[in-house]
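Encoded as structure tokens, the structure appears first; notes follow it.
Naming convention: chains lettered A, B, ... in sequence-line order (proteins, then strands); numbering from 1 in each chain.
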2 protein chains.
Amino acid sequence: MFSIGELSRRTGVKIPTIRYYEQMGLIAAPDRTEGNQRRYSKDGLKRLSFIRHSRELGFSIDEIRELLDLSAHPEQPCNDAHQMAARRLADVQRRISRLQRLERELERISACDAHTIADCAVIETLADHSLCETEH
Amino acid sequence: MFSIGELSRRTGVKIPTIRYYEQMGLIAAPDRTEGNQRRYSKDGLKRLSFIRHSRELGFSIDEIRELLDLSAHPEQPCNDAHQMAARRLADVQRRISRLQRLERELERISACDAHTIADCAVIETLADHSLCETEH
DNA sequence: TCTTGAAGCTATAGTCGCTAGAGAGATTAT
DNA sequence: ATAATCTCTCTAGCGACTATAGCTTCAAGA
């Protein structure tokens with residue numbers, strides 16, 4: 001049995017966030033002590049780890065809810081789960097290539113060595129979109 | 001002179017977002033028609049393009065405010081602007097490498113070809129963090 | 001000139017995923 | 001017993017928008 005602080009330490013999820021997840025229905029309301037404090041079981045710990053990990057991978061709260069529903073029916077086909085992972089993957093890849101374009105442009109901007117704003121590339125480049133290497 | 005809709009079309013910034021920027025003090029309140037509708041000048045267009053472009057590069061509203069302040073004083077040194085670009089760049093690079101780790105993990109997850117949830121990698125992998133290749 | 005339909009106005013509330021604070025009560029260690 | 005630390009609920013705030021309702025104005029055609 002863990003207190004909420006203990007659970008927080010073990011999962012790396014902040015205390016208010018745990019309570020928020022409970023409110024959102026992602027985790028069940030746990031048993032309470034006589035003094036009304038939450039006490040979590042190993043199961044609660046596992047579920048929260050699942051959630052944390054999924055969030056880190058970029059799944060939204062709603063998607064995690066779906067995944068949790070899926071995992072509650074282990075006899076069913078896992079197509080849905082795979083589709084979700086594939087969507088996540090595609091999204092992550094899109095974000096990567098977008099960021100790489102930004103990286104190139106910021107590198108270009110940073111390379112300038114003018115001494116006053118008047119002839120400095122940062123403002124110039126940001127002001128005039130047509131100067132960009134790539135569209136975004 | 002552009003209407004707000006025209007400005008929106010030309011910059012790709014949505015109408016409510018333009019009004020929001022005005023409220024936040026990022027763009028000046030423009031002149032109005034007799035009937036109280038906003039009318040923008042070329043300058044307004046330029047400024048909004050600057051803002052849009054900066055947002056796309058990941059600058060926050062506050063950072064953009066700073067950049068706009070800087071550009072209003074072109075006689076000053078541009079160190080600040082460069083520092084901001086450099087910070088942005090470092091941040092973008094961090095985000096890229098983080099996403100690349102997620103990409104690898106999601107690829108691994110998606111590669112599974114089980115037929116039911118019970119022996120499917122998605123849920124498994126998400127549930128047990130220790131299975132991850134890398135820490136995150 | 002009149003009419004009609006698109007576009008614009010303000011104000012308010014909602015989104016997502018938390019995070020922070022106040023003020024009270026519970027638990028734990030000494 | 002007491003002090004220090006945790007935890008409780010409730011409310012409000014964050015950033016950067018987005019949506020809605022109910023109204024007014026504009027521009028183009030008849």
Holding to salt bridge (Lys or Arg N to Asp or Glu O under 4.0 Å), I want the full list of residues that pass it with [X], two or more places apart in sequence or in another chain.
| X | value |
| --- | --- |
| B/Arg87 | none |
| B/Glu63 | B/Arg88 |
| A/Arg65 | A/Asp62 |
| B/Glu66 | none |

### Query
Residues two or more places apart in sequence or in another chain: which of them pass side chain to side chain donor-acceptor pair (under 3.5 Å) with A/Arg38?
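Only A/Glu22 meet the side chain to side chain donor-acceptor pair (under 3.5 Å) criterion with A/Arg38.
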Separation of [X] atom [atom1] from [N] atom [atom2], in whole Å?
| X | N | atom1 | atom2 | answer |
| --- | --- | --- | --- | --- |
| B/Glu6 | C/dG8 | CD | P | 9 Å |
| B/Tyr40 | C/dG8 | OH | C1' | 11 Å |
| B/Met1 | D/dC26 | CE | P | 14 Å |
| B/Phe2 | D/dC26 | CZ | C1' | 18 Å |
| B/Arg52 | D/dC17 | CZ | P | 10 Å |
| A/Ile15 | D/dC6 | CD1 | P | 8 Å |
| B/Ile4 | D/dT24 | CD1 | C1' | 15 Å |

#### Entry: Side-chain heavy-atom pair A/Leu45, A/Tyr40 within 4.5 angstrom cut-off
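Not in contact.
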#### Entry: Residues which pass side chain to side chain contact (heavy atoms under 4.5 Å, CB included) with B/Thr33, listed by chain and number, not counting sequence neighbours
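Once residues adjacent in sequence are excluded, the partners of B/Thr33 under the side chain to side chain contact (heavy atoms under 4.5 Å, CB included) criterion are B/Gln37, B/Arg39.
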Table of protein N/O atoms under 3.5 Å from nucleotides 1-4 of chain D N/O atoms:
none

### Message
Any side-chain N or O of A/Arg38 below 4.0 angstrom from OP1/OP2 of D/dC8?
### Response
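So the side chain of A/Arg38 is within the cut-off, an N or O lying under 4.0 Å from OP1 or OP2 of D/dC8.
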### Message
By the 4.0 Å heavy-atom rule, please label B/Arg9 as base, sugar-phosphate, or nothing.
### Response
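Nothing: the residue B/Arg9, judged by heavy atoms under 4.0 Å, touches no strand.
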#### Entry: Closest approach of B/Glu103 to A/Leu89 (non-hydrogen atoms, all atoms of both residues)
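Of all heavy-atom pairs spanning B/Glu103 and A/Leu89, the closest is O-CD1, 3.7 Å.
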### Query
What side-chain hydrogen bond (donor to acceptor under 3.5 Å, both in side chains) pairs are there with at least one residue in residues 10-21 of chain A, not counting sequence neighbours?
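Pairs touching residues 10-21 of chain A that pass the test: A/Glu6-A/Arg10.
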### Query
When you check every protein heavy atom under 4.0 Å of nucleotides 12-30 of chain C, what one-letter string (B, S, -) results, 5' to 3'?
-----BBS-----BSS---
